[in-house]
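One structure is given here, and the rest of the page talks about it.
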Amino acid sequence: MITRSPFQDYRAPAFYMVTMTTHDRRPWFGTCADNRCTLNPDGWLIHDLWHRIPRDYPLIAVSTLCIMPDHLHGILHVTAQMTKPLGVAIRAFKSQATSALRQRRSDPALTLWAPGYNDRCVWRRDALHAFTRYIMDNPRRHCLRRAHPDLFRAVADLRHPALPPDRAWAGYGNRFLLDRPERRAIRVSRKATPDDTAALLADVLRGAAQGVVTVSPFISPGEKAIATAILAAPCGDVILMKPDPFPPLFKPQGRYFDLCVQGRLLILSSPLTCPSSSSVRVHADRAGITRSICLAMNAACAHIATDQQ
């Protein structure tokens with residue numbers, strides 16, 4: 001499937017992060033171990049063809065590339081306005097790679113790629129650095145997911161005595177946080193003073209250091225500040241409530257990924273009527289969440305925190 005921005009001119013100068021996967025996620029290109037990916041001859045062939053893109057399309061420069069066993073992430077830099085969109089070069093690369101592997105393996109029916117690809121236009125320099133770090137950190141995340149598979153999958157129809165029984169639940173992360181004897185719901189009014197928030201934050205951090213699990217949707221500025229402080233601390237566990245379902249192939253990003261590895265995070269989803277994004281970030285834009293949804297999430301958090309039998 002091809003993901004496109006309807007407002008982007010793909011002939012225009014910009015950096016673009018491109019992701020494409022192999023057919024049926026077959027590991028054509030190598031193996032991952034010890035936080036690194038070792039390419040096989042097919043992987044090096046893909047590497048060489050990717051770096052040939054500027055030869056065929058001089059206005060496209062290769063920036064960053066990470067080839068994994070069953071997919072690749074690459075950043076391409078369109079340096080000047082082109083007459084044809086970037087997709088022409090990407091489709092040519094995919095076609096060249098398929099032809100080369102068919103010839104190498106003497107298999108004219110070989111299917112190398114899944115249909116389409118995903119792209120993301122990157123405008124800001126700080127965003128470019130973030131995407132570069134994300135791409136180069138891929139082998140480490142891959143090895144961690146393989147070592148801890150139960151912490152990196154969404155569980156539908158999650159059942160637990162601590163969860164409100166009046167609706168369906170799904171979870172991602174350390175589900176054993178629901179078994180902790182102390183779980184504390186955090187709710188901070190938008191009218192709270194900085195002193196009130198600071199006092200609550202200090203109290204929450206003391207509890208977190210003693211094993212108390214903090215439960216919240218982390219919507220208000222005060223709640224976000226508390227979540228950020230806990231997640232930045234060397235210890236402290238969080239149950240994060242979200243109002244929308246997990247999208248297909250969901251996985252946490254950035255700091256959330258590392259917290260899943262450490263077993264410090266559980267993301268709970270009980271779909272409510274909410275037009276917000278399915279991404280999970282403490283500082284996510286939640287303008288589309290209504291007051292009734294906020295109240296429902298806070299009520300669920302309170303139930304989780306108080307039902308500890």
Side-chain angles (χ1 to χ4, degrees), residues 1-4 15-53 60 62-76 86-87 89-120 122 130-156 172-173 246-254 256-258 260-261 278-280:
M1 181 178 180
I2 301 177
T3 301
R4 291 284 178 275
F15 288 89
Y16 299 87
M17 189 181 87
V18 178
T19 301
M20 59 187 73
T21 61
T22 60
H23 179 67
D24 290 337
R25 301 302 293 250
R26 181 172 173 177
W28 280 106
F29 306 139
T31 58
C32 252
D34 300 324
N35 297 338
R36 59 178 295 181
C37 185
T38 301
L39 299 182
N40 59 24
D42 291 339
W44 282 112
L45 174 63
I46 298 302
H47 174 277
D48 294 342
L49 288 173
W50 183 266
H51 284 86
R52 277 179 47 184
I53 291 176
I60 300 176
V62 173
S63 176
T64 303
L65 175 66
C66 179
I67 301 176
M68 299 294 291
D70 60 358
H71 68 280
L72 70 79
H73 296 291
I75 296 179
L76 296 174
L86 178 66
I90 296 173
R91 289 191 294 270
F93 161 78
K94 293 184 68 176
S95 178
Q96 291 167 1
T98 298
S99 297
L101 258 67
R102 284 177 175 175
Q103 182 176 2
R104 167 175 286 182
R105 293 177 174 267
S106 300
D107 182 0
L110 181 148
T111 300
L112 175 59
W113 301 108
Y117 59 91
N118 293 323
D119 65 59
R120 180 77 175 269
V122 185
F131 277 113
T132 300
R133 288 193 300 270
Y134 171 81
I135 288 175
M136 301 313 296
D137 193 41
N138 233 24
R140 182 185 71 90
R141 296 196 308 271
H142 176 90
C143 292
L144 289 172
R145 284 196 299 270
R146 189 170 58 185
H148 306 279
D150 288 343
L151 298 180
F152 294 96
R153 62 186 181 93
V155 176
Y172 192 107
F246 294 111
L249 303 179
F250 169 82
K251 59 182 178 181
Q253 305 295 328
Y256 288 98
F257 183 94
D258 293 327
C260 278
V261 175
S278 294
S279 62
V280 178

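Within the 3.5 Å criterion, the main-chain N or O of Y134 finds a donor-acceptor partner in the side chain of R141. Looking only at distances, a side-chain donor or acceptor of T22 sits under 3.5 Å from a matching main-chain atom of R26.
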Return all side-chain donor-acceptor pairs below 3.5 angstrom for residues 42-53, not counting sequence neighbours, or 'none' if the list is empty.
| residue | atom | partner | partner atom | Å |
| --- | --- | --- | --- | --- |
| D42 | OD1 | R104 | NH1 | 3.1 |
| D42 | OD2 | R105 | NE | 3.2 |
| D42 | OD2 | R105 | NH2 | 2.5 |
| H51 | ND1 | H47 | O | 2.9 |

Quick one: side chains of residues 32-39, donor-acceptor pairs under 3.5 Å with protein atoms, not counting sequence neighbours, listed by atom name and distance.
none

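The minimum heavy-atom distance between M17 and F131, with the atom names listed, is SD-CD2, 3.3 Å. Considering all non-hydrogen atoms of both residues, C260 and G173 come closest at SG-CA, 4.3 Å.
To the nearest 0.5 Å, the span separating OH on Y172 from OH on Y256 amounts to 14.0 Å. The distance from the CD1 atom of I90 to the CE atom of M20 is 5.5 Å, given to the nearest 0.5 Å.
With contacts defined as side-chain heavy-atom distances shorter than 4.5 Å, the pair L76/V62 qualifies. Inter-residue side-chain proximity for F246 and V155 is flagged as unmet; no heavy-atom pair is nearer than 4.5 Å.
Residue pairs that meet the side-chain hydrogen bond (donor to acceptor under 3.5 Å, both in side chains) test with at least one member in residues 92-103, sequence neighbours left out, do not exist here.
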*asked:* Assess the residue pair I67 and W28 against the criterion (side-chain contact (heavy atoms from CB on, under 4.5 Å)); give the C-alpha distance rounded to whole Å, side-chain angles, the decisive distance to 0.1 Å, and a yes or no.
replied: CA-CA 10 Å; I67 301 176; W28 280 106; over 6 Å; no
*May I have the step-by-step check of side-chain contact (heavy atoms from CB on, under 4.5 Å) for I135 and I75, ending in yes or no?*
CA-CA 9 Å; I135 288 175; I75 296 179; 3.5 Å; yes
*Report the C-alpha distance between L72 and W113 in whole Å, list the side-chain angles of each, state the deciding distance to 0.1 Å, and finish with yes or no for side-chain contact (heavy atoms from CB on, under 4.5 Å).*
CA-CA 11 Å; L72 70 79; W113 301 108; 3.8 Å; yes
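Salt-bridge annotation for D137 and R133: absent, with no side-chain N of the basic residue lying under 4.0 Å from a carboxylate O of the acidic one.
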